[in-house]
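Below, read A as the first sequence line, B as the second, and so on, with proteins coming before strands; counting in each chain starts at 1.
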2 protein chains.
Amino acid sequence: MARRSDHSREEIKEMALNAAQEILDREGAKKLSARRVASEIGYTVGTLYLVFKNQLEMVLHINALTLDEMNEWLAERSASCDSPRDCLVNLAEAYIDYAIKKQERWNLLFDTVAEGEERLPDWYEERLGRLFGQVEQVLAPLKSGHDEIEVQRAARVLWASVHGICTLKLRHRLVLAGGQSTEEMAQMLIDNFLAGFGQ
Amino acid sequence: MARRSDHSREEIKEMALNAAQEILDREGAKKLSARRVASEIGYTVGTLYLVFKNQLEMVLHINALTLDEMNEWLAERSASCDSPRDCLVNLAEAYIDYAIKKQERWNLLFDTVAEGEERLPDWYEERLGRLFGQVEQVLAPLKSGHDEIEVQRAARVLWASVHGICTLKLRHRLVLAGGQSTEEMAQMLIDNFLAGFGQ
DNA sequence: ACCTGAACACCGTTCAAGT
DNA sequence: ACCTGAACACCGTTCAAGT
């Protein structure tokens, strides 16, 4: 049993987040509880509340780590591509791949709803911005002039769309679609979207 | 306190689903529990398990009612429109409206993940099919010949996309988008998508 | 036959009390 | 000062026992 001063607050926080991610990956979101995390790191439940305001805050920190991991994953996997169209398809496929491979983290990332429609913390929004930034970089050359706002908007619309395809497919809400794979759907979206964008 | 034979199994089921919807609308998904529903209809928890296999099954039944309500809402609100483009915009706006007005039902509808990637029940998939059917009807005239499969696919891709915009916006994942509303995003999607579809 | 209610194994959150 | 652990108010699910 851990004793006082064995670890700093920061250390406890890190241990807790690591334990949480393992529980999530191995046993799913349902098994992720404050009590479980605490016992996994050798502390009492009470201790977790010295380090996180409540469960939601702990989940938001897990989600920040997920966003970091996903941003890196996307950057790596979409590095080499010739045309904007190919870059977008690569990004979409990397996104879908990540969602499949890390389903539990991905679900937690998007299911978590902030209490009473508060805004999300800054460090959370900043990471979301980086995700959209990767799409913006691909779309920017297609828009003549430097209409940044329009590129930002298109990136969000397109990425929200890829996200919708991904989430509905993973949750079996896209029945009877003629056996189309998630990747084919994303390609169809991207091709049609690009036909209208930047002309 | 209700006594035995006061109500048939079907009646208990109906009472439970009504109570569940009220709890959901008034207090949110967090407050929705088997114990709470049971006490609301004057029965004991155990009784609910005579009528539903478990909590997931109860939620699936609630979701079926939500899908019925949403299908009706969409049919009514998108009845009058001149061009396919307008019809799609109407449908999208009706969809977004429903999601905002009945957020708790809408969240429960899409967050619920079937245990161990089972397929959803037939009566559930049938209702999802009707939802996509409304989009197919609008897209069909745009595709020459009778390429039904292609229309089905496009309807699913487009609707999943609208769904993605809707869910990310409601959950505050679309920060820094130049103040674009959900409706404007849906329009941008539809206009760009149609530019590539059916040409 | 129908339903209860107690039991089991869990939750999140708080806070007086111990070291 | 730091952490505990017991308390409070809940969960889902099961099933022997009562009417």
Side-chain angles (χ1 to χ4, degrees), chain A residues 1-17 19-20 22-24 26-63 104 107-108 111-116 118, chain B residues 1-17 19-20 22-24 26-63 104 107-108 111-116 118:
Chain A
M1 179 66 66
R3 308 195 156 278
R4 48 193 160 129
S5 296
D6 264 10
H7 305 96
S8 72
R9 249 134 157 112
E10 271 317 306
E11 284 171 329
I12 293 176
K13 205 166 183 166
E14 212 187 304
M15 290 159 66
L17 289 174
E22 276 192 18
I23 295 165
L24 194 55
R26 291 216 278 254
E27 302 172 48
K30 263 191 184 165
K31 294 282 181 183
L32 183 62
S33 70
R35 292 178 122 101
R36 180 69 200 286
V37 169
S39 94
E40 210 77 48
I41 64 174
Y43 278 86
T44 282
V45 225
T47 306
L48 270 196
Y49 284 82
L50 298 170
V51 145
F52 299 110
K53 208 181 83 203
N54 52 31
Q55 193 168 244
L56 178 62
E57 205 191 80
M58 189 180 79
V59 169
L60 289 181
H61 277 91
I62 298 171
N63 286 348
E104 293 292 341
N107 284 337
L108 195 68
D111 284 351
T112 311
V113 185
E115 217 66 32
E118 287 170 68
Chain B
M1 181 64 68
R3 309 193 156 279
R4 48 189 160 133
S5 296
D6 264 12
H7 306 96
S8 72
R9 246 139 225 239
E10 272 316 307
E11 282 171 331
I12 292 176
K13 206 166 183 168
E14 212 188 305
M15 288 159 66
L17 290 174
E22 276 192 18
I23 295 164
L24 194 55
R26 291 216 278 253
E27 301 171 49
K30 263 191 183 163
K31 295 283 180 181
L32 184 61
S33 70
R35 291 178 122 100
R36 182 67 201 286
V37 169
S39 94
E40 210 77 49
I41 63 172
Y43 278 86
T44 282
V45 225
T47 305
L48 270 195
Y49 284 81
L50 297 171
V51 145
F52 300 111
K53 207 182 82 202
N54 54 28
Q55 193 168 242
L56 178 61
E57 204 191 83
M58 189 180 79
V59 170
L60 290 181
H61 277 91
I62 298 171
N63 286 349
E104 293 293 341
N107 284 337
L108 194 68
D111 285 350
T112 312
V113 186
E115 219 63 34
E118 288 170 69

In the structure I gave you, are the side-chain heavy atoms of B:Ile12 and B:Leu50 within less than 4.5 Å of one another anywhere? no
Apply side-chain hydrogen bond (donor to acceptor under 3.5 Å, both in side chains) to A:Glu22 and list each qualifying residue two or more places apart in sequence or on a separate chain. A:Arg26
Distances for protein N/O vs nucleotides 13-16 of chain D N/O pairs under 3.5 angstrom?
| from | atom 1 | to | atom 2 | distance (Å) |
| --- | --- | --- | --- | --- |
| D:dT13 | OP2 | B:Tyr49 | OH | 2.5 |
| D:dT13 | OP2 | B:Gln55 | N | 2.9 |
| D:dT13 | O5' | B:Tyr49 | OH | 3.2 |

Set of residues satisfying ring pair (Phe, Tyr, Trp, His ring centres under 6.0 Å) with respect to B:Tyr49, sequence neighbours excluded: none
List in chain and number order the residues that pass side chain to side chain contact (heavy atoms under 4.5 Å, CB included) with B:Val113, two or more places apart in sequence or in another chain; answer none if no residue qualifies. A:Arg171
Distance check needed: D:dC10 C1' versus B:Lys30 NZ, whole Å only. 13 Å
For residues 40-52 of chain B, pull every pair meeting salt bridge (charged side-chain N to carboxylate O under 4.0 Å, His left out), keeping only residues two or more places apart or in separate chains. B:Arg36-B:Glu40
Whole angstroms only, please: what is the CG-P distance between B:Leu50 and C:dA1? 14 Å
Scanning both residues in full, the closest heavy-atom pair of A:Met58 with A:Leu17 reads O-CD2, 4.0 Å
The answer to which of A:Lys31 and B:Ile12 contacts DNA chain C further toward the 5' end, by nearest nucleotide, is B:Ile12
Roughly, in whole Å, what's the span from CD in B:Glu40 to P in D:dC10? 13 Å
For the pair made of CZ in B:Arg36 and P in D:dC11, what is the distance, rounded to whole Å? 8 Å
Donor-acceptor check, side chain of A:Glu104 to backbone of A:Gly28, threshold 3.5 angstrom: yes or no? no
Are any of A:Thr44's side-chain N or O atoms less than 4.0 Å away from OP1 or OP2 of D:dC3? no
In whole angstrom, give me the gap between the C1' atoms of C:dC10 and D:dC8. 15 Å
Please report, rounded to the nearest Å, how far the C1' atom of D:dT4 is from the CD1 atom of A:Ile41. 14 Å
Please state how far atom CG in A:Leu48 lies from atom C1' in D:dC2, giving the value in whole angstrom units. 15 Å
Which residues satisfy the side chain to side chain contact (heavy atoms under 4.5 Å, CB included) test with A:Ala16, sequence neighbours excluded? A:Val37, A:Ile41, A:Leu48, A:Phe52
Hits for side-chain hydrogen bond (donor to acceptor under 3.5 Å, both in side chains) against B:Thr112, two or more places apart or cross-chain, chain-then-number order -> B:Asn63
In dot-bracket, 5' to 3', how would DNA chain D read with Watson-Crick or G-U wobble pairs under 3.5 Å, [ ] for crossing ones and | for pairs to another strand? ||.|||||...|||||.||
Expressed as a whole number of angstroms, how long is the span from A:Tyr43:OH to D:dA1:C1'? 13 Å
